[in-house]
Peer 1: 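Just passing along the structure, written as structure tokens.
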There are 2 protein chains.
Amino acid sequence: MIKKYQYGKPFETDAVVEKIPVTSDAVPYGTVCTENGFSFTCSLEKNDAVYGLGENIRGINKRGYLYISQASDDGVHTEAKHSLYAAHNFIVVSGEEPFGLFVDYPGRLSFDIGYTEQNTIRISCDDANLYLYVINGDSPYDIVKQFRKIIGRSYIPPRFAFGFGQSRWGYASADDFKKVVKEHRDAHIPMDMLYMDIDYMQDYKDFTVNQQEFPDFKAFVEEMKAQNIHLVPIIDAGVKVEEGYSVYEEGKAKNYFCKRKDGTDFEAAVWPGWTHFPDVLNPEARAWFGSNYETLISQGIDGFWNDMNEPAIFYSREGFNEVKDYIKDFLADGARENLTFELQEKVNSLANNTKDYDRFYHNVNGEMIPHRMVHNLFGYNMTRAAGEAFEKICPDKRILLFSRSSYIGMHRYGGIWTGDNKSWWSHILLNLKMLPSLNMCGFLYVGADLGGFGDDTTRDLVLRWLALGVFTPLMRNHSAIDTRNQEFYQFENTEDFRHVIGVRYRLIPYLYSEYMKAALGNDMMFKPLAFEYPDDTFAPQVEDQLMLGNEIMIAPVYTQNANGRYVYLPEEMIFVKFLPDGTIAQETLSQGHHYVEIALNEVPLFIRKGKCIPVVDAAECVDQIDFNTMQYIGYESASYDLYDDDGVTPIAK
Amino acid sequence: MIKKYQYGKPFETDAVVEKIPVTSDAVPYGTVCTENGFSFTCSLEKNDAVYGLGENIRGINKRGYLYISQASDDGVHTEAKHSLYAAHNFIVVSGEEPFGLFVDYPGRLSFDIGYTEQNTIRISCDDANLYLYVINGDSPYDIVKQFRKIIGRSYIPPRFAFGFGQSRWGYASADDFKKVVKEHRDAHIPMDMLYMDIDYMQDYKDFTVNQQEFPDFKAFVEEMKAQNIHLVPIIDAGVKVEEGYSVYEEGKAKNYFCKRKDGTDFEAAVWPGWTHFPDVLNPEARAWFGSNYETLISQGIDGFWNDMNEPAIFYSREGFNEVKDYIKDFLADGARENLTFELQEKVNSLANNTKDYDRFYHNVNGEMIPHRMVHNLFGYNMTRAAGEAFEKICPDKRILLFSRSSYIGMHRYGGIWTGDNKSWWSHILLNLKMLPSLNMCGFLYVGADLGGFGDDTTRDLVLRWLALGVFTPLMRNHSAIDTRNQEFYQFENTEDFRHVIGVRYRLIPYLYSEYMKAALGNDMMFKPLAFEYPDDTFAPQVEDQLMLGNEIMIAPVYTQNANGRYVYLPEEMIFVKFLPDGTIAQETLSQGHHYVEIALNEVPLFIRKGKCIPVVDAAECVDQIDFNTMQYIGYESASYDLYDDDGVTPIAK
């Protein structure tokens, strides 16, 4: 049962697609709505768990912390942060009478989940214009499924997107990319995608390609395709200010960029230097921005990642001038000599300063809406621009698409990667914990930068992370420029990587099948154990294992120098290990707690009682998977219902 | 067997006190010594563990990462850092032929422990002047004990230092401190020490007290003592440049400050603004700096913590001028507009810039030694200054003393706290992992800021952390200004805190006894499981449990929203829980893996087979512990050899 409450004049985010009438009933919890804002309050029982919030830090159970929905370009994901790149305002509270809440509000919103008071949830924002959806149901899982239904079907990528993709910030020329492909193919490490980070562009201009480094881009795309490699270029939010650059000229002429209050185009410096932001909340501007993707699609490109769309701002014109004035005064005034902390703070505040959110506006149906009020919708609508355009540009073909920033609603247009993580062991677990939370909010095509984006990785970290990554729909190795080389062929004993990536390909028929079942059924692909075993009293505590689809449980190793890990089995299961010699070990384990040994080059999973899964032989790319090699592992008398399709044709909603 | 190798002309650090002749034998591993520096190389077998490195990040087993000995004032202890505040150059390699290495070298030194190549250790530095001690023995534990013997007996604090101490940056007046004491006493939360962070000083001048806030400091110290509270003031490394300030005037007149190459006193800005650093490597200057502690001791003070002694530098005169020139050019040159990242980097590089290490010198026996060459000795010698002075000022009394920065050798003069950690769950485990590593390097009186120094804490984090902290010799709740209030009485259900701190006091006779046995026997108080159970093949993997003394094993919960944890028992043990009603639950558990439930307000420990430990009734301060209430818990027929003394009188070496 879903009830929709309206407060003030909400901004229409299109997050929910099902038409639900606004109720005039009283909210069955404490809500307060004044000119100072909105707040929702309810109390928690000792053992209640709180799920949801999608892309966020901390646990599957979000209890005990303060989360703030404010899409932020911040690459240091410690447990003390309050916001990551997205705003996913959906929570589910377990307990006697479980309920879900979706706060459809695109500005800054805070979720105090037992942080200020251990047994109190308080959700609040400054502006009391929003829709509140309250969902009652039999269980948290039931509530999630109800919610997923009203927000519409999740994005369905092409099947090749279930292959492995290699990425690194710094690949700049056709030769760089060819080398990466050759190294993978020579080492027989399977691979389907090669990501193009910002350096492929001409001066970081969206929808351009550096002519010198890629003299015949179309031919290069073809050449890669012939080797079963899909090139996936990045598209950034900001459009470079440069006379003669057609995207800039057209956007400017048609007033498609975000504007200052005085009507001039807002200037934000990002990678290209000064840029303007396409006003993706304006349907006309959104259609126009989306139409530009055709430039690359017409050259054979069939996948994109949208970045910097919180939007990230290195500095605005106004912010830059303020800081210049500050440092002028600092230099002129000897008495400020001891204020170097303040100087540092000022200079550091140039980037991603929320003051800039008051400095630009969106034109929505002729009304000028301050960015601050709709901040969390930018990434969503940039990706929607692409998704809506693809339906026109290539209606018969699925295009790979994912984004950094997002809001619920965007899940219909693309996936997400979880942004600039680090080569930290703790980020393996963070990656795992986010998966079910993201699924609850509709995001199914998801993954983290395996091996870690920032900081220097180690071989063992990459291998352990991959043993989780082999299960995530988006499987990508990505790292930052100036960090340690992270391509698999850079490490000792490359055969271990070939084996682990090979396991991914052995599982693709199963993973694709489970993905599609989840997408078509508005279901989750990754679930907390408690969702599958609601009567198990231990399950709600398990924060380092997940149910995947209907057949398996995953439990990767995520600590350095460990030879295995503890695992909890809510029922008897078969413990499966993909061994480096290509064989598959199977051992039946009883319900309860176990310590299991898992070597660095082994991939573990657990098959639920009475179930089995299909496994094929490894292949070097998705198209070469030979379904004739399919065998089933797991319980002997079990059967599995395999979903399959051509992997290309869009599926009617 | 210990061999001492000499390379070039080592700086005499006095880390090792035992006279060991330099050998002319060849090193039984790969060492290379050229004008480009020194390197030591050896290979590792698959299952070899590497212990040591004292205060550092990552595991008890240091394998798989790059560690750099370079004392650093950096409060963000992520797993990607390479240095913390200390330099503890001792490692032990397990395996067929275990060996230990101590590199007595006070400059920057790197330990590549299977980071570049998974099975290779490489230790290197730029300057080939050092002593290398190679220790062979029966086991890693045996090697540690040999090493501990040659570096001399560890510091012994007064017994009151085993009580609980409250601290927070921001307590500024006598009234602030009185309030904290009253709140603890009113809530019956035991407490022995109250730490005074920088705000008690007059303008951050060492050895001064703010006259306005503490009009009669001596009387205030007395008043606190009457309530069984020891005030423990902080002393910073930098001496404020201020005419008329006697410490400054005297240090300047006697040339006791670190100097530039041109002979002028080096200027570094720290909390007081411009300061000079006392040249604690110069024996005369060290004696002079130490003598200043008498100013506070004569007012009744009997404990100190030495801070900012890496030394931390907010900016040097030279660095400040460089940055000023840079930003002048930045403002003047419009073309630099897009270099804001560089501007940020420049401005941020003001603080703790290692270029400053070339800008000042120490006077050692008349020779001017660049700071860079001896950087890691500053905190050691500042604390040695205090420790040596105390022997003269109050030869009949132990003084509480610990430091932020340290080098092996300092363990004879004081303890350490592990610096500015954060209110992160991961820092509970980091705290635990450092304990045995610190013990290996001689540091016994150790502890972390419980609840976390930086970032906002939560009630559950504090309680879980305390369940480790009740076992650490230094038990202190400390937090940074502008973070969430962290005194126990600020949280809901204060009785839980009263209970947990009470457990500490119930254990003090045991903890003091085990501490003293470790100190007097050159032994470890906290050991990795593998040290006690060398034949157990699983023990070397255990990174979240420790052996404490000879009787118990500890295994705190360190994850949010968990109701318990997994634990490995190398032998049968009694699982003890101190329950909030004051009773003690005891349950015998068999050898092997277990999941144990531990509530937020319970303190767990495990008693080894055939052992018992003494427990007394809780008291509100150490002096009120009633030894007549002593009972023994654990195995029935067991006996325990309790060490005790007056807790005050220094013990002859």
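Reckoned from all heavy atoms, side chains included, excluding hydrogens, waters and symmetry mates. As the structure is a prediction and not an experimental result, all values here were calculated from the model. All chains are named by letter (A, B, ...) in the order of the sequence lines, taking the proteins before the strands, and each is independently numbered beginning at 1.
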Peer 1: Against chain B, work out which of A/Leu66, A/Leu343, A/Val542, A/Asn563 has the most heavy-atom pairs shorter than 4.5 Å and name it.
Peer 2: A/Asn563
Peer 1: For the residue pair B/Asp356 / B/Tyr315, report whether a side-chain donor-acceptor contact shorter than 3.5 Å exists.
Peer 2: no
Peer 1: If you measure only the distance, is there a donor-acceptor pair under 3.5 Å linking the side chains of A/Tyr326 and A/Glu342?
Peer 2: yes
Peer 1: Tell me, side chain or backbone of A/Thr78 under 4.5 Å from chain B's heavy atoms, or both, or neither?
Peer 2: side chain
Peer 1: Side chains of B/Asn61 and B/Tyr51 only: does a donor on one sit below 3.5 Å from an acceptor on the other?
Peer 2: no
Peer 1: Where does A/Thr457 contact chain B at under 4.5 Å (heavy atoms): side chain, backbone, both or neither?
Peer 2: backbone
Peer 1: Under a 4.5 Å heavy-atom cut-off, does chain B meet the side chain of A/Gln344, its backbone, both or neither?
Peer 2: both
Peer 1: Taking every heavy-atom pair that is under 4.5 Å apart, which of A/Asn348, A/Val323, A/Ile327 has the most such pairs with chain B?
Peer 2: A/Asn348
Peer 1: Shorter than 4.5 Å, heavy atoms on both sides: which option in A/Leu461, A/Asp460, A/Asn47, A/Thr458 has the most such pairs with chain B?
Peer 2: A/Thr458
Peer 1: Please flag which part of A/Val270 lies under 4.5 Å from any non-hydrogen atom of chain B: side chain, backbone, both or neither.
Peer 2: neither
Peer 1: Residues in ring pair (Phe, Tyr, Trp, His ring centres under 6.0 Å) with A/Phe491, at least two apart?
Peer 2: A/Phe497
Peer 1: Identify which of B/Val76, B/Leu350, B/Thr340 forms the greatest number of heavy-atom pairs closer than 4.5 Å to chain A.
Peer 2: B/Thr340
Peer 1: Based on non-hydrogen pairs under 4.5 Å, which of A/His594, A/Gln118, A/Arg58 is most in contact with chain B?
Peer 2: A/Gln118
Peer 1: Please work out which of the three classes, parallel, tilted or perpendicular, describes the rings of B/His82 and B/Tyr65, given edges at 30° and 60°.
Peer 2: parallel
Peer 1: Contact part of A/Ser426 toward chain B, heavy-atom cut-off under 4.5 Å: side chain, backbone, both or neither?
Peer 2: both
Peer 1: Contact part of B/Tyr115 toward chain A, heavy-atom cut-off under 4.5 Å: side chain, backbone, both or neither?
Peer 2: both
Peer 1: Under a 4.0 Å threshold between the charged nitrogen and the carboxylate oxygen, would A/Asp203 count as salt-bridged to A/Lys240?
Peer 2: no
Peer 1: Go through A/Lys422, A/Lys328, A/Glu117, A/Glu543 and name the one with the most non-hydrogen pairs under 4.5 angstrom from chain B.
Peer 2: A/Glu117
Peer 1: Where does A/Trp425 contact chain B at under 4.5 Å (heavy atoms): side chain, backbone, both or neither?
Peer 2: both
Peer 1: Salt-bridge test for B/Asp544 and B/Arg565: reply yes if a basic N is under 4.0 Å from a carboxylate O, no otherwise.
Peer 2: yes
Peer 1: Please state whether the side chain, the backbone, both or neither of B/Ala269 comes within less than 4.5 Å of a heavy atom of chain A.
Peer 2: neither
Peer 1: Are B/Asp496 and B/Arg459 within salt-bridge range, i.e. N to O under 4.0 Å?
Peer 2: yes
Peer 1: Pick whichever of B/Gly64, B/Ala49, B/Gly273 has the most heavy-atom pairs under 4.5 Å with chain A.
Peer 2: B/Gly64
Peer 1: Non-hydrogen atoms of chain A under 4.5 Å away: do they reach the side chain of B/Asp455, the backbone, both or neither?
Peer 2: side chain
Peer 1: Considering residues at least two apart in sequence or located in another chain, which fulfil the salt bridge (charged side-chain N to carboxylate O under 4.0 Å, His left out) criterion with A/Lys324?
Peer 2: none
Peer 1: Looking only at side chains, do A/Tyr566 and A/His593 share a donor and an acceptor under 3.5 Å apart?
Peer 2: no
